[in-house]
Novice: 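Quick one: structure below, then a few questions.
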Number of protein chains: 4
Amino acid sequence: MTMTKVGVLGARGKVGAAICEAVRAAEDMDLVAEVDQGDPLQMLTDRGAEVVVDFTHPDVVMSNLEFCVSHGIHAVVGTTGFTEERLGTLRGWLESSPGTGVLVAPNFAIGAILMMRFAVQAARYFPSAEIVELHHPNKADAPSGTAHRTAEMMGAARAEAGLGPSPDATSTELEGARGAEVDGIRVHSVRVTGLVAHQEVLLGSQGETLTIRHDSLDRTSFAPGVLLGVRAIAGAPGLTVGLDSFMDL
Amino acid sequence: MTMTKVGVLGARGKVGAAICEAVRAAEDMDLVAEVDQGDPLQMLTDRGAEVVVDFTHPDVVMSNLEFCVSHGIHAVVGTTGFTEERLGTLRGWLESSPGTGVLVAPNFAIGAILMMRFAVQAARYFPSAEIVELHHPNKADAPSGTAHRTAEMMGAARAEAGLGPSPDATSTELEGARGAEVDGIRVHSVRVTGLVAHQEVLLGSQGETLTIRHDSLDRTSFAPGVLLGVRAIAGAPGLTVGLDSFMDL
Amino acid sequence: MTMTKVGVLGARGKVGAAICEAVRAAEDMDLVAEVDQGDPLQMLTDRGAEVVVDFTHPDVVMSNLEFCVSHGIHAVVGTTGFTEERLGTLRGWLESSPGTGVLVAPNFAIGAILMMRFAVQAARYFPSAEIVELHHPNKADAPSGTAHRTAEMMGAARAEAGLGPSPDATSTELEGARGAEVDGIRVHSVRVTGLVAHQEVLLGSQGETLTIRHDSLDRTSFAPGVLLGVRAIAGAPGLTVGLDSFMDL
Amino acid sequence: MTMTKVGVLGARGKVGAAICEAVRAAEDMDLVAEVDQGDPLQMLTDRGAEVVVDFTHPDVVMSNLEFCVSHGIHAVVGTTGFTEERLGTLRGWLESSPGTGVLVAPNFAIGAILMMRFAVQAARYFPSAEIVELHHPNKADAPSGTAHRTAEMMGAARAEAGLGPSPDATSTELEGARGAEVDGIRVHSVRVTGLVAHQEVLLGSQGETLTIRHDSLDRTSFAPGVLLGVRAIAGAPGLTVGLDSFMDL
């Protein structure tokens, strides 16, 4: 088995530590560098890192990536804050280093990615679609970012397929009962102690319903997706956005 | 086995027909009279009905019951429209006919009754409680009457137990996302083609949740509850409100 | 809008009647012929049927199709009993009538088709996978045919992706607790009064689960899929097996 | 507010530490003694503990309780291994110390207790009942102890109510598909990575189902139940078995 030499940036953060542990446990990877604030990026080149995983901070991720790309090190990036402008800059660097690949993804939880994908694929086949997302009560935003994005993508798929609004004969509504509306999809946010992070997409047609549910019970659920990215990135030069590009769907 | 002689009022309506069928199928009952508009109530006395089931109309139910009570026939009543005033009148008639029993119940679906009962019993033990009710899209009111009543009863149980509001850190809300509020309980109404009538009560505490869900897939779900009422009413003189009085809970 | 002229074979059966009703309700279709036992197939040509829907019987479906194909009428077929041999015969007829299309599908419920499709696509990404199917207690076989097929297809996808068996440390088992095993997938069959036909596919990875659930509450759930087939078949000459070929997945 | 002085035995274990934290957070309790192996039990009397919580080991719990009861300290006990003989010994000690209360409970998760309670109460009203329990794949026994106990109690309630076996027309079964049978209740054990500990009780009657589900996502879910026991035990002299005795159900 060929071993891939992996470096982790942000290695001493909570997420980074979980990634280090996952890389160490992977039979086809060697964790060669654990880099965090204050450490020189040369550690990556000194130790021959072939792929870097970056879960750091918007303030430092661009200089991290400039270093990696210029040294031909592939990168798998979970750090947030990628505007179109930043993606453009990244593409420019990658043009000067053909053969190097960078994956930028907002979400590495494979279950969440599939839930969204299937919800969008199914959306055009059902007159009715709604989303119920359920989280612990310390969450600040309602609906969740994932639910909002899912609704937008489903709304677009429905529009493209020529579907009108979901049928709804409600004539007497207590304010808020029917949820929030995002691009024609009703979204309901449940906040209950004891829950972690859950989302249910309900689709309905004559005599049948299809429900796609994702339950995230633990914050390490991103690890298998990060490993999937590490395995695929060497074979995908240039910029890739979204882990689903590497999934066989 | 003693057979109970049962008469059905409103026998040719949709609900009445289903009740006639259930009575016919019950091994301990004889269906002796099927009465509907235009038929004389004497059919009941002529054929010796011991218990009458009334699923008729608010306009006629009181004269039906006056006849039954004055002839010592017990009654199980699913007809709506019972105000406090009507219940008072009924109590007066029953005083003149000791030994006769009348059950008036808004709901005969045993699963729905238990769902509400358990939700209320559990309410005082969980800091968080919300309701999600799901129905076909032809329903006019949101939330459903059952969800509204459940929330009121749970809210009262929480208040009695000295519980404050459910924790909720939502600071950014898209209008309606957190549902409607009924006595401190958030209620979410989902409307999706293919659904019939469903309700889920979620209760949460540190590290655990309890979910009580009722699914009604077919309009005949009231039948077992009606039979339970018929079997119990002869042993319960006077007025009884709510089928749960006859359940061992 | 162009109207498609549709004939229904087996029009007076339960399923056929539901299809006639759905065709009549479709804005882009004309129901021109309702044919059943004893009626001459010429009704189809006389009335200019462009597409025929056949939900009849294995004994008559082949002669129905021979007639349709030889007259250039497209066919959407839900009748069972299609062996490889029968499909071969059908392909032969279609070669002599280029431009004519026939769709043969074992399942027209779009929700069920998508549930199976998504379950198979997701199977390779999760170490654990199990199926729970839930039906009314009058069902003779356990597991259901759909659950069995889903498990086979998921097992094949897992094998292809190089996944070993799902982790399972069970060392003390009461016989049957862990369900039946179909190609490495555990399948559990629940039989409860009040249920209709439901299936849940559970997939799990580190810290997250994905659940895909199909609920069939009413036997008319095949109708939208039949209409989808009718709309697509004219553009798909030759033999097509399975409705998912016409879905954009 | 009167503060109750609480001592914790087994305070440095995982469970004990979580209990210490919960007691410290409770507004009506003072954590006066954290006792573990090697510490003298006199710490409890020296610091005036009024109630002791014991989550230790079957080898030491009896001497712990002998000490507590003889000093008039109430005890809330989650330690396992209580045979009828041990309970008898305990009752003897308590007779000599009227006014002292001891609660021995196998389960302090309020959600689990309520799930079992409601399942048993409902059992007599539904012809069909099955249990699906779902756990992480490292669990050794199938079904879980909780599912087994739930089925026994439901089976007894059904028998008492004169219910026969759940209807089941299965004539072709792949071995294990219909689950294990415990006192007439079918129990299905799902083992999937990413799950923690979950149980679903399904009850069904004509046209409706009732589902009671408990999800335990975190091992601290016993804490609110322990506090409930601490608050109630001073008012309940003698031996109490099971936390539900202190719940208003």
Side-chain angles (χ1 to χ4, degrees), chain C residues 125-145 147-148 151 165-183 185-196 198 200-211 215 217, chain D residues 125-145 147-148 151 165-183 185-196 198 200-211 215 217:
Chain C
Y125 295 109
F126 293 89
S128 291
E130 301 207 3
I131 296 173
V132 182
E133 54 91 344
L134 313 96
H135 283 83
H136 59 85
N138 299 322
K139 192 170 181 59
D141 50 326
S144 69
H148 204 283
S166 291
D168 183 358
T170 308
S171 55
T172 311
E173 184 193 357
L174 189 62
E175 202 189 314
R178 291 285 292 115
E181 193 175 328
V182 177
D183 293 355
I185 310 282
R186 296 285 178 162
V187 184
H188 310 268
S189 299
V190 175
R191 297 291 173 264
V192 167
T193 312
L195 291 175
V196 185
H198 320 259
E200 204 164 286
V201 178
L202 290 101
L203 300 131
S205 182
Q206 188 180 332
E208 61 167 358
T209 58
L210 178 69
T211 305
D215 291 273
L217 300 190
Chain D
Y125 295 108
F126 293 89
S128 292
E130 302 208 2
I131 296 173
V132 181
E133 54 91 345
L134 313 96
H135 283 84
H136 58 85
N138 299 322
K139 191 168 183 61
D141 49 326
S144 69
H148 203 283
S166 291
D168 184 358
T170 308
S171 54
T172 311
E173 183 191 357
L174 190 61
E175 200 189 315
R178 292 283 294 114
E181 193 174 330
V182 178
D183 293 355
I185 309 283
R186 297 284 178 163
V187 184
H188 310 268
S189 299
V190 175
R191 297 291 173 265
V192 166
T193 311
L195 291 175
V196 186
H198 318 260
E200 205 164 285
V201 178
L202 290 101
L203 300 131
S205 182
Q206 187 181 334
E208 62 166 358
T209 57
L210 178 69
T211 306
D215 292 273
L217 301 188

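Only this structure's heavy atoms are used, side chains among them; waters, hydrogens and symmetry mates stay out. The shown structure was predicted, so the numbers you read here are calculated from the model rather than taken from an experiment.
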Novice: May I ask you to name which of D:A140, D:S171, D:G194 has the most heavy-atom pairs under 4.5 Å with chain C?
Specialist: D:A140
Novice: Side chain from CB out, backbone as N, CA, C, O: work out which of these in C:V196 comes under 4.5 Å of a heavy atom of chain D, or both, or neither.
Specialist: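 Contact with chain D: none, neither part.
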Novice: Heavy-atom distances under 4.5 Å only: say whether C:L134 touches chain D with side chain, backbone, both or neither.
Specialist: side chain
Novice: Count the heavy-atom pairs under 4.5 Å between each of C:G204, C:P143, C:A129, C:A180 and chain D, then report the option with the highest count.
Specialist: C:A180
Novice: Report yes if some heavy atom in the side chain of C:V187 is under 4.5 Å from a heavy atom in the side chain of C:H148; otherwise report no.
Specialist: no
Novice: How about C:S189 and C:S144: do any of their side-chain heavy atoms sit closer than 4.5 Å?
Specialist: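 No, every pair of side-chain atoms sits at 4.5 Å or beyond.
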Novice: Measure distances from C:S205 to the heavy atoms of chain D and classify the residue's part below 4.5 Å as side chain, backbone, both or neither.
Specialist: backbone
Novice: Given that the side chain runs from C-beta out, which part of C:E208 has a heavy atom under 4.5 Å from chain D: side chain, backbone, both or neither?
Specialist: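 Backbone of C:E208 only, per the 4.5 Å heavy-atom cut-off to chain D.
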Novice: Could you have a look at D:V132, D:D141, D:L195, D:V190 and say which one has the most heavy-atom pairs with chain C under 4.5 angstrom?
Specialist: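 Sorted descending by pairs with chain C, the first entry is D:V190.
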Novice: Check whether any side-chain heavy atom of D:T209 lies under 4.5 Å from a side-chain heavy atom of D:L202, and answer yes or no.
Specialist: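 No. Closest side-chain heavy atoms not under 4.5 Å.
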Novice: Which residue out of D:P127, D:G207, D:G176 racks up the most heavy-atom pairs below 4.5 Å with chain C?
Specialist: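 Most heavy-atom pairs within the cutoff with chain C belong to D:G176.
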Novice: Using a cut-off of under 4.5 Å on heavy-atom pairs, state which of D:R178, D:K139, D:E181 scores highest against chain C.
Specialist: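 Looking at each of D:R178, D:K139, D:E181 in turn, D:R178 comes out on top.
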Novice: So which part of C:E133 gets closer than 4.5 Å to some heavy atom of chain D, the side chain, the backbone, both or neither?
Specialist: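 The answer is neither part of C:E133.
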Novice: Does any part of the side chain of D:H188, heavy atoms only, come nearer than 4.5 Å to the side chain of C:R186, both counted from C-beta?
Specialist: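 No, their side chains stay 4.5 Å or more apart.
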Novice: Would D:T170 and D:D168 count as having a side-chain donor-acceptor pair, cut-off 3.5 Å?
Specialist: yes
